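The structure appears below as structure tokens.
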Amino acid sequence: MTQPSTSNDQAPEPQPAASPLTRLGEAKWLLLAALFAALAAVIFYDVPSSSAFAFLVILCVVAGFIPRRTASRRVKLNAQREIRRMWPGTGMKVTLDALPTPCFVADGRGITRYVNQQAQVTYEGVKPGDPLSFSLRAPSLLEAFDRVCATGEAERISWIEKVPTETWYEAHIAPIYMPGNAVPDRMPGLPDFILVVIQDLTENRRLERMRTDFVANASHELRTPLASLTGFIETLQGPARNDPEAQDRFLSIMLDQAGRMRRLIDDILSLSRIELKAHVRPVSTVDFAEIIRHTADALSPLAADLDVEIRVHLPDLPVRIKGDRDELIQVTENLIENALKYGHDGQFVDVELAEQIEAEDHTWQMSVRDYGAGIPPEHLPRLTERFYRVDVESSRAMKGTGLGLAIVKHILTRHRGRLEVESEAGKGATFKINLPASESAETASVVTPA
Ligand code: ADP
């Protein structure tokens with residue numbers, strides 16, 4: 001709880017209590033007038049003198065013993081009221097405006113006193129003078145606000161709003177005490193104003209959820225081959241102990257499963273390495289055309305196995321872009337390999353690199369096109385999620401980990417690139433990546449078959 005300030009020079013000095021005699025002296029003219037009025041009432045209106053005397057005694061007791069505000073005290077109280085009326089002042093307002101989160105200042109009755117700039121952007125139409133509940137409608141927030149007004153103790157609460165999209169918020173509601181907190185019309189110890197600071201936690205919560213989902217998925221992916229390995233080891237130790245033929249078969253399956261675990265661990269490590277440098281843009285200059293040619297050559301044995309021809313169309317000059325060679329090889333490899341694995345029915349995979357100039361945007365676009373089964377449209381938005389597969393069985397059969405496109409997306413983010421996927425079921429798929437052209441690049445604009 002915020003303690004009432006005592007150090008401020010605006011705090012009123014405690015006044016010594018006036019004695020009854022002093023108070024009688026201060027009220028002498030009033031008492032004298034009352035005395036004359038009482039005498040007149042007795043003389044001219046036959047009021048009993050005992051009643052007039054009793055009236056004068058009561059008046060003296062009231063004047064002498066009941067505390068009254070002195071003129072200087074009245075001035076101080078009025079000054080305090082004025083400070084409260086004008087608060088928050090310019091200093092406080094500019095400070096609140098400098099904060100990146102929406103902030104509201106309200107008085108103890110819930111009337112908005114100030115709304116910082118960020119709050120005006122987030123909650124359109126909110127203005128000082130309106131009840132806080134006009135702009136902040138979450139019941140738990142308003143209840144917490146009332147509690148802070150009543151107890152003077154700060155609170156932190158969080159809530160979820162479901163409409164229009166799921167959003168997590170957290171609010172810090174803090175009491176504000178004016179200097180000395182000796183403000184009229186307010187019980188001592190209770191806040192004069194309340195500060196409400198609201199934070200949008202949606203991004204953090206999503207990241208947390210992604211992290212926990214990732215750990216759960218990765219463990220699940222590893223557990224399957226591990227269970228299979230354990231099963232085969234037990235079989236080799238028991239029933240297949242003396243069966244060399246079964247041993248050969250089981251050992252080759254175990255090798256496959258171990259390979260699957262290795263690929264998965266390699267991809268997980270690769271993803272976390274890329275994430276670590278997500279904000280560091282590569283500085284070296286590489287020849288993107290050469291990288292594509294190199295990858296296509298490296299994948300030619302797989303293409304031959306799957307009976308697919310890779311047709312490469314590249315510019316005849318080097319295409320220089322800022323990039324990390326190993327990571328760009330990973331990108332091109334994942335895309336061409338996917339086209340071979342999932343689109344081998346189409347017999348051809350076309351890989352093309354072309355320059356694109358749109359207004360200020362100068363990029364090099366690599367497209368990888370296959371003519372296989374394609375991807376149904378409902379899967380397209382989720383393809384780059386970790387462990388997302390259109391068909392789990394065919395991915396496993398093709399030694400996929402479900403992390404390839406997630407790795408592609410992360411590498412492209414680091415390279416300020418973008419990925420687009422176009423596909424129609426039955427007509428193959430085209431994966432396009434755009435990478436910014438290097439400013440000093442020697443551009444090649446003629447596209448010829450490699
Ligand atoms: P995987 O390791 O399973 O290949 P990816 O992240 O590379 O994982 O791809 C995710 C999924 O997207 C694949 O499992 C596959 O279902 C689908 N996919 C990727 N590329 C293609 C393609 N060219 N044609 C059809 N489906 C594809």
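Worth saying up front: this structure is predicted, and the values here are computed from it rather than measured. Every number for a ligand or one of its atoms is a count from 1 in the order of the listing.
- With no hydrogens or angles considered, no side-chain donor-acceptor pair links Gln347 and Asp307 at under 3.5 Å.
- The residues Lys277 and Glu327 are annotated as salt-bridged, a charged nitrogen and a carboxylate oxygen being separated by less than 4.0 angstrom.
- Looking at atom 24 (N) of ligand 1, its nearest protein heavy atom turns out to be Tyr342 CB, 3.5 Å.
- A donor-acceptor contact closer than 3.5 angstrom links the side chains of Asp97 and Tyr114.
- The shortest distance between side-chain heavy atoms of Val349 and Val368 falls below 4.5 Å.
- The closest approach between a heavy atom of Arg396 and any atom of ligand 1 is not below 4.0 Å.
- Scanning all protein heavy atoms for the shortest distance to atom 3 (O) of ligand 1 gives Ser395 OG, 2.6 Å.
- For the pair Gly400 and ligand 1, the shortest N or O to N or O distance does not fall below 3.5 Å.
- Residue Gly343 places no heavy atom under 4.0 Å from ligand 1.
- No N or O atom of Ile375 sits closer than 3.5 Å to an N or O atom of ligand 1.
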Intermediate values then yes/no, side chain to side chain donor-acceptor pair (under 3.5 Å), Tyr342 and Asp391: CA-CA 10 Å; Tyr342 304 111; Asp391 176 359; over 6 Å; no

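- Of all protein heavy atoms, the one closest to atom 5 (P) of ligand 1 is Leu405 N, 3.6 Å.
- Heavy atoms of Leu383 approach ligand 1 to within less than 4.0 angstrom.
- The nearest protein atom to atom 14 (O) of ligand 1, hydrogens excluded, is given as Arg389 CG, 3.3 Å; this is a heavy-atom distance.
- Atoms of ligand 1 lying under 4.0 Å from at least one heavy atom of Asp391, given by number and element, are 16 (O).
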Derivation and outcome, side chain to side chain contact (heavy atoms under 4.5 Å, CB included), residues Arg369 and Arg311: CA-CA 10 Å; Arg369 170 154 203 198; Arg311 300 184 294 205; over 6 Å; no

Assess whether salt bridge (charged side-chain N to carboxylate O under 4.0 Å, His left out) is satisfied between Arg418 and Asp361, documenting all intermediate values. CA-CA 12 Å; Arg418 57 176 193 269; Asp361 197 25; 3.4 Å; yes

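- Near Lys341, with a cut-off below 4.0 Å to any heavy atom, the atoms of ligand 1 are 4 (O).
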Please walk me through it: do Trp159 and Glu161 pass side chain to side chain donor-acceptor pair (under 3.5 Å)? CA-CA 7 Å; Trp159 72 97; Glu161 283 182 15; 3.0 Å; yes

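- Checked against a 3.5 angstrom limit, the closest N/O atoms of Gly374 and ligand 1 fall outside it.
- Counting protein heavy atoms only, atom 23 (N) of ligand 1 is closest to Asp370 OD2, 2.9 Å.
- Taking atom 7 (O) of ligand 1 as the reference point, the nearest protein heavy-atom neighbour is Asn338 ND2, 2.8 Å.
- Taking every heavy atom of Gly402 and a limit of under 4.0 angstrom, the matching atoms of ligand 1 come to 1 (P), 2 (O), 3 (O), 6 (O), 8 (O).
- At a heavy-atom cutoff of 4.0 Å, ligand 1 is contacted by no atom of His379, backbone or side chain.
- With hydrogens and angles ignored, the 3.5 Å screen pairs a side-chain donor or acceptor of Arg241 with a backbone N or O of Gln237.
- Using modelled atom types, one side-chain atom of Ser423 and one backbone atom of Ile375 make a donor-acceptor pair closer than 3.5 Å.
- Of all atoms in ligand 1, listed by their number and element, those nearer than 4.0 Å to a heavy atom of Val390 are 16 (O), 17 (C).
- In this structure Phe348 satisfies the ring pair (Phe, Tyr, Trp, His ring centres under 6.0 Å) test with no other residue, sequence neighbours excluded.
- The option with the heavy atom closest to atom 10 (C) of ligand 1, from among Phe387, Tyr388, Tyr371, Phe431, is Tyr388.
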